[in-house]
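Structure record follows, encoded as structure tokens.
In listed order, ligands and their atoms are each counted from 1.
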Amino acid sequence: MAIRFEGNIFHLTTDHTLYQMGLDAFGVLYHLWYGEKTECSMCYLYHYPDVGFSGNPYEAGKLRTYSMDTLPLEYATEGNGDYRIPAAAVVNSDGSCALDLRYESYEIREGKYEIPGLPAVYADEAQAQTLEIHMRDAVSGLAVTLKYGVLEADDVITRSVVFENRGEQPIRLTRAHSMCLALPDGAWDWMHFHGRHTMERQMERRELFHGIQQIGSTRGTSSHQQNPAVILCERDCTETSGCCIGAALMYSGGFQAQIEVDQMEQVRMVLGIDPETFSWTLAQGECFYTPEVILSCSTQGLTKLSQQFHSVIRNHVCRGSYQLSARPVLINNWEATYFDFDEEKILSIAKQASELGIDLMVLDDGWFGKRDNDCSGLGDWTVNEQKLKGGLGALIEKVNALGMRFGLWFEPEMVSEDSDLYRAHPDWALRIPGRNPVRSRYQLVLDLSREDVRAYLYESISRLLRENHIEYVKWDMNRSICDWYSAFLPTERQSELPHRYILGLYELLERLTTEFPDVLFEGCSGGGGRFDAGMLYYCPQIWCSDDTDAHERTFIQYGTSFFYPVSTVGSHVSAVPNHQTGRITSLETRGTVAMAGSFGYELDLNLLSEEEKHTVSEQVKHYRQMQMLIHDGRYFRLSDPCKDEMAAWSFVSEDQSQVLVQGVIYRACPNTLRCRLRLRGLNAQAHYRIAGEKQVYSGSALMAGGILLPRAAGDDVSFELYLELVKKA
Ligand code: DGJ
């Protein structure tokens, strides 16, 4: 049994971890432990001195060691004498802000709970159990259910919260986080992933300090600037040892993660919807569901933690026909043409691509409405016949006749002021009455909380998918959101709009992905501005970054790898000098880096030399051979690109018989020994041969001594080694 309740203690066990909570005589629920599996009740770790100055609940009487302000509360709330960061806060109908949750009952069920209207980890009854703990504020009647999904074999615990107003008066939620977690001491680091457009998910690791540290997004998207995923790790935790806990929010809107080290040196972490752009009124009988957090813990370092996230996201988050199957190698015309193309140009790229073995031609921005630059056309999802004279159907037929599949770009959530849609429905855009809207990339955002807007988008996109042989959709979204005002919502509900927008987005995506299960949906938001587990529920891959420079990409893909599986990372070979950085890297290096993802090209192949074309066709063949090892194998980070002079990573098959080692040496160094790279995850007792070499190495030698890398002649030179188990004669 993954979940049991014994002696007022909840034990949630996975194969290697224990999550433990305890109940006291006052009905207060504490967090006791999340970490290595033990058989013990961990309450002995919490032993409080006289905390009279912190305030004591009334019913504790003279018990001055008992304070909400110091207890490791499982789900902390505002206004009950706990002055630390709360997970939930309310405004009651009398204007007071108190919320005091006490235990009522619990339920344990087989299988994994679902969340109405929101993406959630899915698992069958053999794979997961659900715990629901029912709490209630006796005065307001607000009932709060803490939900836990335990995926034993995956070492994963999911969390989500349901608020239900069982009182008679309305209650306004001003903060409704998805989780709260306590650690008994503050000697930990935290890691998060910051960035900007064209430089997403740069890993940063810092020691926790006293007080509150926080990341988040108020942009209406999970954002380029911060990713909604955080790691807490012991100070000496490395890739291979030490305890670390990861938390990834399955949500694509604004979010907040806060970590506080309190006066007792204890840690509290909360994670959920951004409270600055959120409040939600619950009328009598109404419910509010928070998004889900995926939690995982490793006591063997960061690589193991990442592998656990990769496995749960690939197997229990991503869906559809492409979830586990080979992805097509694609060619995208964006960096080849930008807006400047016609049918002939697209076909010339497609023809060359088909000759080189590429599977799918993706037509990017500019094929619709009056869209010759980024000032106009968004919202008018009808083909631009000036560019594509015979229409979309004719182009697709010609692409298909080349033996290639066809994919199309959309940016459904946006509208240009210079568009027929905006002229017909100006109130469909988010705008605050009497104020000029903030334009970004000259565009405004459609109000996806509105049913009529979603119906229009569903009709426009589904008609195109029904009437044309489109096998891939790139779902782009190119701005942060502000001007939060919906012509559709009453004044007192305007603050619900950012979350209603995301609910609308998910509803639309659910409808389309259900109706077109065989279409591969790739997410995108100015590159990787919405790279989160929420989007991955609908789109099994996401364009990782608009920065296609192979050197920069090694840093972006390194940061991305802490939570997200390689199969989710859209990654292309583009032209040199690189359009974002001007850097020149070899075609080999660009190929190696892009192959550590869902692979493709984004350049005019006609401009390549014959030798380069040959390299491309060899890369495509090679990727096809390696793709399942890359996507299904265990991923190992073998270097820290910020500290080492190289980026190196490997993929090891489940049975440890195949190993692909790839990387980029940043700087050539004269007159030195060859670089040594220690491998990981091999069978120590087995023997391996490197393809093309005669010598046999033991797994233990390759992990302890390492392999010798080829000498780099030049900067940013890639390497790749394929190792296979030597079969016993
Ligand atoms: C941003 C995307 O990240 C690019 O790949 C491209 O699709 C452009 N938008 C098109 O406007």
Any N/O of Phe339 closer than 3.5 Å to an N/O of ligand 1? no
Option from Glu510, Glu507, Glu459 for which salt bridge (charged side-chain N to carboxylate O under 4.0 Å, His left out) with Arg454 holds: Glu507
Show the atoms of ligand 1 that are less than 4.0 angstrom away from any heavy atom in Trp543. 3 (O), 5 (O)
Is it the case that ligand 1 has an N or O less than 3.5 angstrom from some N or O of Trp334? no
Can you list the atoms of ligand 1 that are under 4.0 Å from a heavy atom of Gly526? 1 (C), 3 (O)
When the aromatic ring centroids of Tyr666 and His551 are compared, is their separation below 6.0 Å? yes
Asn478 heavy atoms, cut-off 4.0 Å: which ligand 1 atoms fall inside? 1 (C), 9 (N)
Any nitrogen or oxygen of Trp409 lying under 3.5 Å from a nitrogen or oxygen in ligand 1? Just yes or no. yes
Closer than 4.0 angstrom: is that true for some heavy atom of Glu335 and an atom of ligand 1? no
Could a heavy atom of Lys474 be found less than 4.0 Å from some atom of ligand 1? yes
When you compare ligand 1 with Glu602, is there at least one nitrogen or oxygen pair between them that comes in under 3.5 angstrom? no
Which residue and non-hydrogen atom of the protein lie closest to atom 3 (O) of ligand 1, and at what distance in Å? Asp546 OD1, 2.4 Å
Identified side chain to side chain contact (heavy atoms under 4.5 Å, CB included) partner of Leu363 from the options Leu388, Ile349, Asn332, Thr337: Leu388
Would you call Glu515 and Arg511 a salt bridge, taking side-chain N to carboxylate O under 4.0 Å as the test? no
Between Phe563 and Phe309, how do the two ring planes meet: parallel, tilted or perpendicular, split at 30° and 60°? perpendicular
Please write down residue, atom name and distance for the protein heavy atom closest to atom 9 (N) of ligand 1. Asp476 OD2, 2.7 Å
Ion pair Asp547/Arg583, N-O distance below 4.0 Å: no
Quick one: do Asp380 and Lys370 make a salt bridge, cutoff under 4.0 Å? no
Single hit among Trp543, Phe599, Trp334, Tyr623 for ring-ring contact (aromatic ring centres under 6.0 Å, His included) with His572: Trp543
Show me which atoms of ligand 1 lie under 4.0 Å from any heavy atom of Cys524. 2 (C), 3 (O)
List every atom of ligand 1 that sits less than 4.0 Å from any heavy atom of Asp365, numbering the atoms from 1 in the order shown and giving each element. 10 (C), 11 (O)
Give the residue and atom name of whichever protein heavy atom lies nearest to atom 6 (C) of ligand 1, and the separation in Å to one decimal. Asp364 OD1, 3.3 Å
Partner of Pro437 by side chain to side chain contact (heavy atoms under 4.5 Å, CB included), out of Leu430, Ile432, Val445, Asp483: Asp483
